[in-house]
Amino acid sequence: MSSNALITLTLPDGSTREYESGSSGADVAASIGARLAKAAVAAIVDGEVVDLSRPITGDSSIAIVTAASDEGREVLRHSAAHLMAQAVFDLFPGAKYAIGPAIADGFYYDFELPNETRFNDADLERIEARMRELSAEDQTFVRKEYDAQSGLELFADQPYKVEIIRNVTAGTAEDDDSEEVGGDGTVGVYENVRSDGTVAYVDLCRGPHVPTTARLGAFKLTRVAGAYWRGDEKRQQLQRIYGTAWEDGKALAAHLHRLEEAEKRDHRKLGLDLDLFSFPEEIGSGLAVFHPRGGTVRRLMEDYSRQRHADGGYEFVNSPHITKSQLFETSGHLEWYAEGMFPPMHLDGETDYYLKPMNCPFHILIFKSHTRSYRELPMRLFEFGTVYRYEKSGVVHGLTRVRGMTQDDAHIFCTREQMVEEVQRALTFVLGLLRDFGLDDFYLELSTRPKEKAIGTEVEWDEATDALRRAAEPMGLDLVMDEGGGAFYGPKISVQARDAIGRTWQMSTIQLDFQLPARFDLNFVGSDNDKHRPIMIHRALFGSIERFFAVLLEHYAGAFPAWLSPVQVSVLPVADRHEDYASAVATRLKTDGYRTEILNAHNDTLGNRVRRAKTQKVPFVLVVGDEDAEAGTVGVNARGADTPERAIALEEFVGRLASQVAERG
RNA sequence: GCCGGGAUAGCUCAGUCGGUAGAGCAGCUCACUCGUAAUGAGCAGGUCAGGAGUUCGAAUCUCCUUCCCGGCUCCA
């Protein structure tokens, strides 16, 4: 093809332009405008994101990627990971590098340092400073392609790169490898080239990258962490450095600001500030106590849940916290789940006792206490069951990951014919319940048979998994697969909820189980007078009350809706002489069951008391003075309202509060 | 469990070179009695997470334990 052959490129707006064959994205950007050329970091040619410098040799569609786009930021972050690795090599000679992808909001790179050296926080500053120097050198990212053999030679002293190349060429690539190498057998390599033409850094990489390191400025290294090679705890632990990178300083600052805002919602901080719960060191890791205010919220959650379960056809049961080991031997927990259990209590001359990590075996025994008829099915047994799990020390986290928790747990015993309908019914039930608590953005996840820890046959698992899928599909929600994520006894559907700032939380789980009924030899008498084996559905809707509490706390940033607020109304007399009236107002509210406190004038100014109530995120602050005592009114300062209202008739306020609470607002 | 970082008053934090601790807020008392996000003064509050070691002397240096934070793995 001659150098002046023309190609036709189609721009995103549908217009076409002609260029010389071999023109690059950079040429196209420059021909459109100087500003675009400056902002460009990559190009999308026929749907594929490529380097700006990649020559285009045929008619194509093209879009210029600027840094301020999702694709652009990904390129930026991936390039920043290379820059970081280069800085690490400069400062830590002999380092080995593994993988360094872009991730949500940032990037990381995994390293192995010689002599078991570890990065510390001070190293992050040095590495970041070195990155800035390298960025200032304006090194060019240059793509090269090699065959596999040359690639292996090039990275001969880099065992992780060698493993990646071998995997790709052997066709056994793992997911991460596609970040690094193209799928066509060629090994893509990027070099960072200095202005004098020398090569400063080489990496195995699919790309694309920004044109030069000077494009990378708005970045920050955030933390250092251990990470297992291939995410496998049986393999080498590497040193991972996380960073974030953005199109400009303003976007970086905005990101850091978002992190700060999310920190303000942290349930651990809010739990302290609002006096809801604590984790006394004396009790032990992952074991919470709920204070009166937190206890109130929890009671309200439980009360509402009980009412819904009663309406939903559940029967209430109760079971102890400990049991003889035999029960968990029969259930398979001691074989499959022992590492999640607290060690046993040894009693002289008796069998061992265990704290329960799950409620299911107990509910099974309740089912088994009689001969059951098909007429009793589906039997739905519900309990707020407190369980204890020996979580590994590094995973305990606030209320979302604890060692003692209460599940809103139920086990549904039903026939094979009923199971799809029962799962569907449970899904509908949970979505309604979660919506009542103010969550309304969901998707579903279907977790399948674990690779190693699973009981039962493939056929049973397939049937159970298929039943869950059939139940989930009509819900009209996205269904995401989670291969290998099921429990040891059955697959599960989990409901994932997005909160007010877009984070997702695993809430409810619904599991279908053919195994435990068999292990416990459960049966019921059918209409044919024969024995049949029931199916079991395990389901917890809040997940755990502790976790759900944390999710709500973060979702609402501590400002619980009025129906859940530990204190719904604070009554503030303007001066001591209004105490009697304030007391009368409070009594009136308490008569209707509203949680009301009085903040008296003694020792404290009105302004400060308003502040205290507002800080505690009380939904309604009532200020009562001479005019109110005279007229039977209140001043209403509603949470979130711009200005307080004056002279509202007490009964009018009560009505307003009543309707808000009734609507669970 | 693994890697990194931590623990000083109820909370947030300061504490220099190793010489046994300090502030603000919260609490209590008194004064003030006030109409919508911090009135003033005073008082009290600490085995510096726990233990061992080094030292004439440890909040400070070393080791162990507990607990917390950020990740990895795991998970409701």
Side-chain angles (χ1 to χ4, degrees), chain A residues 108 110 116 118-124 222-242 266 268-269 272-273 275 278-287 337 339-340 357-358 387 389-402 405-409 447 453 485 487 492 494 505-509 511 538-548 550-551 572-579 600-616 621-628 634-637 641 643-647:
Chain A
Y108 67 79
D110 287 346
E116 309 235 320
R118 313 291 185 199
F119 292 120
N120 60 37
D121 288 354
D123 293 332
L124 284 194
T222 49
R223 51 185 163 253
V224 55
Y228 301 103
W229 171 233
R230 301 292 194 193
D232 182 346
E233 66 180 328
K234 294 185 191 73
R235 300 178 79 165
Q236 175 76 27
Q237 186 167 42
L238 306 171
Q239 296 278 298
R240 176 172 297 177
I241 300 177
Y242 284 93
D266 190 311
R268 295 165 299 184
K269 176 176 162 48
L272 189 68
D273 292 348
D275 196 15
S278 60
F279 291 91
E281 194 180 327
E282 294 87 335
I283 300 177
S285 180
L287 298 166
Y337 198 76
E339 68 178 25
M358 294 187 194
V387 298
R389 298 183 182 177
Y390 188 75
E391 298 293 345
K392 289 189 280 187
S393 61
V395 308
V396 169
H397 180 95
L399 285 177
T400 60
R401 198 71 187 276
V402 293
M405 61 173 156
T406 301
Q407 296 182 308
D408 58 334
D409 206 4
S447 302
K453 297 193 169 186
K492 73 180 179 194
S494 54
W505 303 86
Q506 175 168 330
M507 312 291 323
S508 323
T509 59
Q511 298 165 347
H538 306 239
R539 39 113 295 181
L541 305 188
F542 291 159
S544 76
I545 296 177
E546 287 78 6
R547 177 177 286 182
F548 193 56
V551 171
L572 280 53
V574 171
D576 285 346
R577 65 178 180 280
H578 308 119
E579 270 186 35
N600 276 326
H602 186 60
N603 279 354
D604 223 342
T605 59
L606 180 63
N608 196 31
R609 284 175 288 146
V610 169
R611 181 173 184 277
R612 272 165 51 200
K614 290 284 185 186
T615 306
Q616 288 293 305
V621 177
L622 301 186
V623 174
V624 295
D626 288 326
E627 297 158 27
D628 297 296
V634 292
V636 178
N637 189 334
T643 49
E645 303 167 82
R646 290 284 294 271

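In what follows, chains are A, B, ... by sequence order, proteins preceding strands, each numbered from 1. Only heavy atoms go into these numbers, but all of them, side chains included; no hydrogens, no water, no symmetry mates.
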Asker: All N/O contacts under 3.5 Å from nucleotides 63-69 of chain B to the protein, with atom names and distances to one decimal?
Answerer:
| residue | atom | partner | partner atom | Å |
| --- | --- | --- | --- | --- |
| B:U66 | O2' | A:E281 | OE2 | 3.4 |
| B:U66 | O2 | A:E281 | OE2 | 3.2 |
| B:C67 | OP1 | A:S285 | N | 3.4 |
| B:C68 | OP1 | A:S285 | OG | 3.3 |
| B:C68 | OP2 | A:S285 | OG | 2.9 |
| B:C69 | OP1 | A:R268 | NH1 | 2.9 |

Asker: Output the distance between atom CG (A:L124) and atom CZ (A:R223), rounded to the nearest 0.5 Å.
Answerer: 10.5 Å
Asker: Quick one: does A:Q237 reach the base of B:C72 with a side-chain donor-acceptor pair under 3.5 Å?
Answerer: no
Asker: Quantified in whole Å, what is the C1' atom distance between nucleotide B:U55 and nucleotide B:C17?
Answerer: 15 Å
Asker: State whether A:T605 places a side-chain N or O below 4.0 Å from either non-bridging phosphate oxygen (OP1 or OP2) of B:U39.
Answerer: yes
Asker: State whether A:R268 and A:D266 are salt-bridged, where the test is any N-O pair (Lys NZ or Arg NE/NH1/NH2 against Asp/Glu carboxylate O) under 4.0 Å.
Answerer: yes
Asker: Starting at NZ of A:K234 and ending at P of B:C72, how long is that distance when rounded to a whole Å?
Answerer: 18 Å
Asker: Distance between the P atoms of B:A49 and B:C11, in whole angstroms?
Answerer: 13 Å
Asker: Calculate the interatomic distance between A:D273 atom CG and B:G10 atom P; express it in whole Å.
Answerer: 16 Å
Asker: When you get a sec, tell me which of B:A76, B:A37, B:C3 is the closest nucleotide to the side chain of A:T615?
Answerer: B:A37
Asker: With rounding to whole Å, what would you report as the distance between B:G71 and B:C28 at their C1' atoms?
Answerer: 44 Å
Asker: For the P atoms, the ones on B:G22 and on B:C43, what distance do you get once it is rounded to whole angstrom?
Answerer: 14 Å
Asker: Roughly how many Å apart are B:A21 and B:U62, using the C1' atom of each and rounding to a whole number?
Answerer: 23 Å
Asker: Name the pairs: protein N/O against N/O of nucleotides 24-28 of chain B, kept only if under 3.5 Å.
Answerer:
none

Asker: Between B:G19 and B:A59, how far apart are the P atoms? Round to whole Å, please.
Answerer: 9 Å
Asker: Could you summarise the pairing of RNA chain B as dot-bracket text, marking Watson-Crick and G-U pairs under 3.5 Å with ( ) or [ ] inside the strand and | across strands?
Answerer: (((((((..((((.....[..)))).(((((.......))))).....(((((..]....))))))))))))....
Asker: Side chain of A:D408, backbone of A:L541: donor and acceptor closer than 3.5 Å?
Answerer: yes
Asker: On a whole-Å scale, what distance lies between the P atoms belonging to B:C25 and B:U65?
Answerer: 41 Å
Asker: For RNA chain B, whose closest nucleotide is more 5', that of A:E546 or that of A:N637?
Answerer: A:N637
Asker: With hydrogens left out and only the distance checked, is there a donor-acceptor pair under 3.5 Å joining A:R401's side chain and the base of B:C75?
Answerer: yes
Asker: Give each protein N/O atom lying under 3.5 Å from an N/O atom of nucleotides 13-17 of chain B, with the pair distance.
Answerer:
none

Asker: Between A:R240 and A:V623, just flag the one whose closest nucleotide in RNA chain B comes earlier from the 5' side.
Answerer: A:V623
Asker: Excluding sequence neighbours, so at least two apart, what forms ring pair (Phe, Tyr, Trp, His ring centres under 6.0 Å) with A:Y228?
Answerer: none
Asker: Can you list everything that forms a side chain to side chain contact (heavy atoms under 4.5 Å, CB included) with A:S447? Sequence neighbours excluded, please.
Answerer: A:E445, A:D482, A:K492
Asker: So does A:K269 get a side-chain nitrogen or oxygen closer than 4.0 Å to the phosphate oxygens (OP1/OP2) of B:C11?
Answerer: no
Asker: Which value, in whole Å, describes the distance between the C1' atoms of nucleotides B:G1 and B:G57?
Answerer: 40 Å
Asker: Between the base of B:G71 and the side chain of A:Y228, is there any donor-acceptor pair under 3.5 Å?
Answerer: no
Asker: Salt-bridge test for A:R577 and A:D626: reply yes if a basic N is under 4.0 Å from a carboxylate O, no otherwise.
Answerer: yes
